[in-house]
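All remarks here apply to the structure that follows.
FYI, side chains are in, hydrogens and waters are out, and symmetry mates aren't considered; it's all heavy atoms of this structure. All chains are named by letter (A, B, ...) in the order of the sequence lines, taking the proteins before the strands, and each is independently numbered beginning at 1.
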Amino acid sequence: MANKYPFQDIEQKWQKWWEDNGIYHAKQPSDTKDKKFYTLVEFPYPSGDGLHVGHPRSYTALDIVSRKKRMEGLNVMYPIGWDAFGLPTENAAIKKKMQPAIITEKNVATFKRQTQSLGTGFDWSREINTTDPKYYKWTQWMFIQFYNAYFDESLQKARPITELEIPAEIQKDGDLAIRNYRDSKRIVYKTTTTINWCPACKIGLSNEEAQGGVCERCGGEVEKREKEQWMMRITKYANRLIDELSDVNYLDKIKTQQINWIGRSEGALIKFAITQNQSQDHVHRTIDEIEVFTTRPDTLFGATYLVLSPEHPLLTSWIDHDAIENIKEVKDYQETTRKKSDRERQENKEKTGVEIHGLKAVNPATGKEVPVWIADYVLAGYGTGAIMAVPAHDERDYEFAKKFELPIIKVVVPPALAELSHPPANITPVSQEDVRVESECWIGEGISINSEFLNDLTTDKSQEKIVAWLEEHGAGHGCTNYKQRDWVFSRQRYWGEPIPMIHCEKCGWQPVAESELPILLPDVENYEPTDSGESPLSVIIDWVNTTCPACGGNAKRETDTMPNWAGSSWYFLRYCDAENDQVFASPEALKYWMPVDLYDGGMEHTTLHLLYSRFWYKVLHDLGHIPESCGVEPYAKRTAHGMILGEGGIKMSKSKGNVVNPDDVISEYGSDVFRCYEMFMGPFDTDAPWDTHGIQGIKRFLDKIWSLHQTRTTNDELRTTNPSDAKFEIRNTKYESILHKSIKKVGDDIDAMRFNTAISQLMILTNTLLESESVTDDDYKTYLKLIAPFAPHIAEQIWHNFGNESSIHLEAWPTYNPDLLIEDTITLGVQINGKVRGEITIAPDAKESEAMEAAMQDENVKKYLDGTEPKKVIYVPGRILNIVI
RNA sequence: GGGCCCGUGGCGGAAUCGGUAUACGCAACAGACUUAAAAUCUGUCGCCCAAAAGGCUUGUGGGUUCAAGUCCCACCGGGCCCACCA
């Protein structure tokens, strides 16, 4: 069957030829004067399951863009590697009793074979692997650079810790105080935080591994545990991570999701004095002060009680000082909260809490005393871990106040001003029908109101007026808060980069000397987690015991490892200069290649990997390890592809048995069909279900391309390339115009990543050429070049059948002749009163009178006009003729 | 509860600037070729009507406009992310 595309005989041959000839190897800046284009896909995690059909969607899409850019003369780098550290491999190692390194090697081999069989034009000479010591040496090196840096608030950038000014009052307290002060400013720091703990597996879990409060491994409930952890001060970059998004071209939904995740909100910190009821003399004495964060300082007058999170540190001090009358009740509530899993806390939103007897809080604006409560609806980790409750203006406070019968006071603008302010107060109670307001008060009520304060107290201004008043009276100040927390960077795991730190009793934490890097992961026999929740590395005594880099005394290594986000936070930099063993990448290489021009990946990485790597890049850039000229953002453009779902639109999963294996698709249809099918399924950024029938249509398309070539080459008469031959001049204007339209459309569609419509245009073109009596060699070659980015193998084969020796993928991308885009005549719809009643065929630039004349010839139009004189004629050349009667 | 997005034939989808809705493909049906099947080729294919003519049609209801799948308002339905973030 000669007119079937014989992919079995063709595809592997070209894959080998491309690699042998380095067709896709990018030139380094020293070897070229060409402009660069850097295309990046998220490097895969080589799991034991092998490649998913979702991977090729991203790879093929960016491959098409890369191939077109290459044909346009750019020096394209499209690299690939392996993000191979991580939990699934470690779990497999425990289960199979094999070394994680060996499992990784096996998985990488499978992934590499599968990826190569796709025919993607990756530059394999730059292949990297995060578990390779030559790679993670630099991950560790960067960790140390971050440790040796602090964030300068006034410059809003990282600087070497040696440049940190030590305040005089710290200096006078001596070396230890100075050391503590420095440690409190470092970008990398160690502190006690709460981690997710699975009691069944005896293992610490990351938030991602404990989603919904359930252990990813065993499905059991997850507890909280206190643990010393290494942290990254990403919160210092919160403002820049939001503001510098304006420099980049990301999908809007990606930007919004990042902004929401960081969760910046403007408000104020307000101080409430805490007074104790001295029962002997009935005098209320101030014993403490507590700060609350609010985004609505203007509702301060309606604050009828204060709520602390059960974890609030002041509670411990009050308990210790016996300031609380109902200590047992408070302690019990704290204990109950601690035992609650995240899931319980999330699912059960019924408000609970305990009033603290013996203490009151003083509202700084009104001077009135209000009760103090603890409740778990106040989160320890956000703001100050304490709130002023304004039940009339906050739903949660309202619910709580209802349950515990606390007063509800609505804040309004003073009546005298309500008339003046237009519109009047837009401060609305949470639920207007529902709120039974016990009383109202004015904004500013209780403050010694002066006329100036009142004069421009409108609703819009009330926020800033109150903040100004608070600042003036030392009762608070404006403040910005973020939902995002610092990045927990420790894992009590084996299969990750060892954290290159050493602890010395005398000198504290010391980074490993750079000359000692990489700190290799030692072999261990047992990956099972330890009872104490320490990393499996902690039991390798020989490895743990070392000497202090500072004093030479006995010291111990850090046994925690890095999270698997570490290696992926900078891999795009390594590609620029993957073989360099002096630096992670040379400044010249970085200057040339960075930033990444186009980066595609899944939406699921928007708030983790994408944010982490932007942060990581900014720190390196601030510290001068990335040339200034590269800019402050690593990725100029970021897109996100949709998922490929199983047949019927449900997610592919082993348990549902609807997983499609790329190997099977390739052996049945070949890579070109596979590629084109995934591009044709639907818009690139939308989820699409797999359809076994749909792939048939693409197979037919490729067979048509092949059969077009077969009929051409077997017909010698049409093969002439001699312009003097009369046959050369036989032109089919129909195909010519469609060919040039296709050059434009396919090119535009690739640039806009509309691959589905590009392929539909190529189908139209192929069908047209099949119907045409003859096609010139030049036009046919143009056609092949349009096909090449989508179906590289078949295009290369036919190209070589023509006697070409070099690759079609290095040919110049075709240009179109704008004159040929304009057709001599077009069909135009004719509307009567906005309804289509006929069609006319006229020149695209015909005048209105000509169009009207043509329309009058149309029987149907005539019938509808019925001799009536048009009231109005709307004629948009090339678009529409609308006659209003 | 907050944020983002989407509703077009039997199905995936197209319509890029407000200008002939349903391109391209799948499935289906009829026919050709074949001893037969597959493959291939030809034709039909939004709905109502026997057909033509005509009417209706982009989740529903309004609005703006000469003209709305596209813009505005309300509602209904679906998806994703975050979620007691003060």
query = In Watson-Crick or G-U wobble terms, both distances under 3.5 Å, what is the partner of B:rU64?
reply = none
Cationic N near anionic O, under 4.0 Å, A:Lys862 to A:Glu859 = yes
remark   = Of the candidates B:rC24, B:rU20, B:rG3, the side chain of A:Thr827 sits closest to B:rU20
message = Return the pairing partner of B:rA36 with a 3.5 Å limit on both distances, Watson-Crick or G-U wobble; otherwise return none.
response = none
query = Does A:Asn756 place a side-chain N or O at less than 4.0 Å from the phosphate oxygens OP1/OP2 of B:rG12?
reply = no
message = Could you tell me how far apart A:Asp703 (CG) and B:rC26 (P) are, to the nearest whole angstrom?
response = 12 Å
key: Protein-nucleotide distance (A:Ile695, atom CD1; B:rG25, atom C1'), rounded to Å   = 13 Å
request  = Check whether any side-chain N or O of A:Asn260 sits under 4.0 Å from OP1 or OP2 of B:rA83, and answer yes or no.
outcome  = no
request  = Can you tell me the distance, in whole Å, between the CD atom of A:Glu395 and the P atom of B:rC84?
outcome  = 14 Å
inquiry  = Rounding to an integer number of Å, can you tell me how far A:Asn767 CG sits from B:rG43 P?
reply    = 11 Å
ask   = Closest to the A:Val884 side chain: B:rC66, B:rA86, B:rC41?
value = B:rC66
key: Complement of B:rC29, any strand, by Watson-Crick or G-U distances under 3.5 angstrom   = B:rG43
remark   = Closest to the side chain of A:Lys4, out of B:rG55, B:rU40, B:rA86, is B:rU40
message = Whole angstroms only, please: what is the CZ-C1' distance between A:Arg879 and B:rA68?
response = 15 Å
key: Nearest-neighbour nucleotide for the A:Asp749 side chain, B:rA86, B:rU16, B:rU20 considered   = B:rU16
key: Closest to the A:Asn882 side chain, choosing from B:rU20, B:rG54, B:rC66   = B:rC66
Given RNA chain B, 5'-ward residue of the pair A:Val378 and A:Trp261, judged by closest heavy atom = A:Trp261
Closest nucleotide among B:rU16, B:rC84, B:rC56 to the A:Lys835 side chain = B:rC56
key: Under 4.0 angstrom between A:Tyr382 side-chain N/O and B:rA86 OP1 or OP2   = yes
task = Would you please confirm or rule out a distance under 4.0 Å between OP1 or OP2 of B:rU40 and any side-chain N or O of A:Arg700?
result = yes
query = Within the pair A:Lys253 and B:rC82, is there a side-chain N or O less than 4.0 Å away from OP1 or OP2?
reply = no
message = Rounding to an integer number of Å, can you tell me how far A:Leu645 CG sits from B:rC6 P?
response = 18 Å
key: Atom-to-atom span, NZ of A:Lys871 to P of B:rC66 - whole angstrom   = 12 Å
request  = Please check if the distance between the ring centroids of A:Phe674 and A:Tyr669 is under 6.0 Å.
outcome  = no
note = Which of B:rU20, B:rC24, B:rU40 is nearest the side chain of A:Ser760? It is B:rC24
key: cation_pi(A:Arg638, A:Tyr250) dist<6.0 Å, angle<=45   = no
request  = Tell whether A:Lys351 reaches the base of B:rC84 with its side chain through a donor-acceptor pair below 3.5 angstrom.
outcome  = yes
Shortest non-hydrogen contact between A:Tyr735 and A:Ser772, atoms and distance = CB-OG, 3.4 Å
